[in-house]
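All remarks here apply to the structure that follows.
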Amino acid sequence: MTTLHETTTNTSAAPPAVPLLELVGVTKTFGAMTANDNIALSIMPGEIHAILGENGAGKSTLMKMIYGVLAPDAGRIRWNGEDVTIRDPAHARRLGIGMVFQHFSLFETLTVAENISLSIDEKPATLAPRIAAIGERFGLPLDPAALVHSLSVGQRQRAEIIRCLLQAPRLIIMDEPTSVLPPSGVAPLFETIRELAAGGCAVLFISHKLEEIRSLCHRATIMRAGKIVGSVDPTAETSESLARLMIGRNVPHPTRRTARPGKDAVLELRDLDHTPNDPFGTRLEKIGLEVRPGEILGIAGVSGNGQREMAALLSGEALLPRAERDRIRIAGVGCGDADAGQRRRMGFAFVPEERNGRGAVPEMSLTLNALLTGHGAGLVRRGFVAQRHARHFAESCISAMNVRCAGPQSEARSLSGGNLQKFIIGREIRLAPKVLVASQPTWGVDVGAAAAIRQELITLRDKGVGILIISEELEELFEVADRLQVLFRGRLSPSLDRAEADTARIGDYMTGGFLSAPSIATAA
Amino acid sequence: MDSLTFLLSGTVLAATPLLIAALGELLVEKSGVLNLSIEGMMALAAATGFIVVTLTGNHWLALLAGAVAAMLLSVVFATVVLIALGNQVAAGIAVGILGLGLSGLIGSPYEGMTVAPMARTPLPFLSDIPVIGPGLFNHPLIIYLAPLAAALLWWMFRSTKLGLVIRAVGESPESAHAVGYDVVRVRFLAVLVGGFMAGIAGAFISVVSSTLWSDGMIAGRGWIVIALVVFAMWRVERVVLGACLFGMAAIAELLVQSMGISAPSQLLTSIPYIATIIAITLLSMDGRRIRLNAPVSLGRVYAGSQ
């Protein structure tokens with residue numbers, strides 16, 4: 001560490017400074033796919049540098065190579081002007097590279113201090129005051145003795161950031177850090193990042209959210225399909241121009257007409273209380289909602305606030321006792337104790353959050369995956385699979401949704417996330433449901449596919465289907481939903497019409513603003 | 001010897017190998033590996049230990065030889081599941097069968113032979129306490145080491161970095177790798193230590209508690225050990241308690257007969273196994289507690305990052 005400092009002491013003074021980190025011709029391939037192709041990148045101390053790209057553009061692979069999780073096939077990495085081979089994350093940390101993961105690398109059954117002591121050679125007891133001190137300095141309050149599974153997602157992120165900061169890094173990699181925060185949590189995080197940069201720490205900020213990059217970053221490197229397609233000053237760009245660089249064409253926006261919802265609800269939840277079996281789960285309290293035919297109800301909220309539990313109750317994976325069956329009604333019929341198959345026969349369709357393993361069986365062909373929920377639609381005769389019908393059904397899902405794949409015989413796992421999701425949604429739509437529930441329908445899906453999926457959902461709505469969308473992405477809900485409700489700690493906010501829902505109002509609800517005083521103040 | 005002394009002494013003798021092997025298995029499972037080959041490892045160690053004590057007359061050497069033999073077998077298991085990424089259940093059963101087979105093979109010339117018992121080391125003062133003293137504190141030295149090992153393991157998981165690392169690896173190998181730990185190495189070493197302890201337990205049965213060799217003498221105790229760890233919810237203090245209970249169940253046969261109650265001997269012999277089934281069934285009904293205590297990644301293959 002000391003030698004590293006010595007080599008850089010002159011850099012802050014002299015203008016032609018040595019970049020803190022420099023990548024030259026870095027390439028990584030997985031089988032036939034080139035995840036990173038000839039990447040060149042250079043980051044100065046104190047710089048907030050955005051890596052912008054869609055899912056699958058190769059951002060994560062690049063970060064993993066910088067953090068020593070993956071080894072590049074070709075190319076060089078220079079740290080402070082010297083060639084280095086980063087062997088593993090421990091080596092990266094010794095060099096002064098820290099990483100805040102998108103999917104946290106925390107251990108749920110350990111306390112915050114114990115978690116941090118795993119990365120820093122120090123006892124949890126002596127770490128506790130340091131955690132408090134650094135939390136104070138950067139505005140990241142956190143109880144070192146708290147067990148991680150009891151923390152909210154935002155608090156977990158704080159734990160990750162503090163863990164990183166305690167190692168006095170020279171470069172921090174942040175992988176989609178705002179994706180787990182409510183809107184009100186973004187500004188404090190940005191303050192922390194600016195504070196860090198002012199102290200000379202470089203920050204690699206990975207995101208696909210354009211507004212954030214424009215407001216925070218000094219430079220943005222844009223990746224598309226494993227290649228760098230541009231390096232720009234984000235403050236001089238518009239969101240549109242950044243998006244064009246990112247996806248290579250104009251961003252499609254779904255077209256929509258005003259909803260004309262029918263009268264009688266196709267899906268109702270009334271005063272629903274539920275304690276999940278999972279001790280780390282969220283208890284649902286007094287959940288009430290109504291979806292009418294021909295409208296889209298969006299459920300906003302940071303994930304971990306009961307979305308999973310609610311989706312399980314809706315889909316029939318978690319059942320209510322018979323006496324409480326009427327708390328869930330499909331087309332007016334109480335079905336809280338009916339299993340997933342029975343609910344589907346009542347005209348219910350469901351797109352789960354996990355595509356692989358829940359929405360589709362990864363090892364099976366698309367034809368067989370079509371059977372998974374489509375078996376009632378004439379694909380099974382007298383207990384035998386009607387192969388030809390099943391194949392036609394799968395083919396029609398593929399063509400209707402423009403799924404890019406080799407054909408109905410291709411395995412589900414061979415499809416990209418976006419294409420598989422299009423297939424699953426196409427399958428559910430073709431079952432002609434009365435009500436469709438979709439959980440995070442475009443999570444991890446590229447911008448083009450996401451736009452197509454949203455358009456399909458709106459079209460389905462116009463055909464008179466009632467749709468419930470549970471999503472973390474506010475932009476998505478603003479685009480498709482006719483009404484919004486917010487889930488916070490297992491409680492559901494009152495419904496807001498599209499017109500009255502704006503970021504400020506929803507952001508207030510996302511931090512529990514609806515619980516204390518149901519404010520009717522006009523939004524700014 | 002009155003019957004209470006007899007009960008205590010018998011319980012200690014029966015509980016000790018269960019405790020030693022279960023502590024090892026607990027360590028292994030905490031690191032996220034399910035080692036189902038305990039039975040075979042104990043059997044191989046029992047045969048090895050018996051041979052060594054027959055040849056040398058040294059019980060300590062026999063215990064060590066048994067431990068090393070079982071540890072070598074655990075190298076096979078660890079290589080299959082951690083390096084070749086084999087399925088842990090299948091590999092565990094296969095390696096267990098291998099151990100049983102090897103045990104029968106090397107032990108066959110010794111079938112029915114007996115050896116001298118291990119010298120007793122009565123603990124000063126404690127062994128003079130009436131009834132309890134001769135029951136608990138008049139045993140071979142190795143027996144007193146078992147509770148010490150339990151205390152050591154308990155302390156390790158509670159207050160050392162090593163314990164934290166093992167728990168972390170067992171909960172989320174991906175995260176442990178991401179924060180810079182060598183998951184495979186931690187697990188490999190855990191499996192070796194677990195094998196070593198299973199070996200001490202196996203050799204203990206042939207050279208300390210029974211002092212005679214007959215093929216198949218482990219008689220399912222390796223499986224009881226695995227059940228014991230689940231019964232204990234992966235907590236050291238409950239492993240100690242569980243080992244004592246199972247130890248008591250194991251000598252219940254003798255006890256019942258000594259009380260003059262007549263029952264078919266097959267029924268009495270099966271008491272510990274029936275107790276195992278009942279205990280596991282009762283505990284499995286509470287899935288919440290299992291989820292809070294069980295190592296999350298238990299039995300899952302960890303392929304590492306590409």
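Chain letters run A, B, ... following the sequence lines, proteins first and then strands; every chain starts at 1.
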Q.
Taking the side chain as everything from C-beta on, heavy atoms only, tell me whether A:Val69 gets closer than 4.5 Å to B:His177.
A. yes
(Q) Can you confirm whether more than 12 heavy atoms, excluding those of A:Arg413, are under 6.0 Å from its CZ atom? (A) yes
Q. Quick one: what part of A:Ile120 sits under 4.5 Å from any heavy atom of chain B, side chain, backbone, both or neither?
A. backbone
Q: Tell me, out of A:Leu110, A:Asn115, A:Asp88, who's got the most heavy-atom pairs with chain B below 4.5 Å.
A: A:Leu110
Q) Closest approach of B:Ala168 and A:Leu118, non-hydrogen atoms and distance? A) CB-CD1, 3.5 Å
Q: Can you measure from CD (A:Glu108) to OG (B:Ser172) and round to the nearest 0.5 angstrom?
A: 9.0 Å
Q: Keeping the roles fixed (side chain from A:Glu114, backbone from B:Leu164), state whether a donor-acceptor pair exists under 3.5 Å.
A: no
Q: For B:Lys161 and A:Ser117, indicate whether the former's side chain and the latter's backbone hold a donor-acceptor pair under 3.5 Å.
A: yes
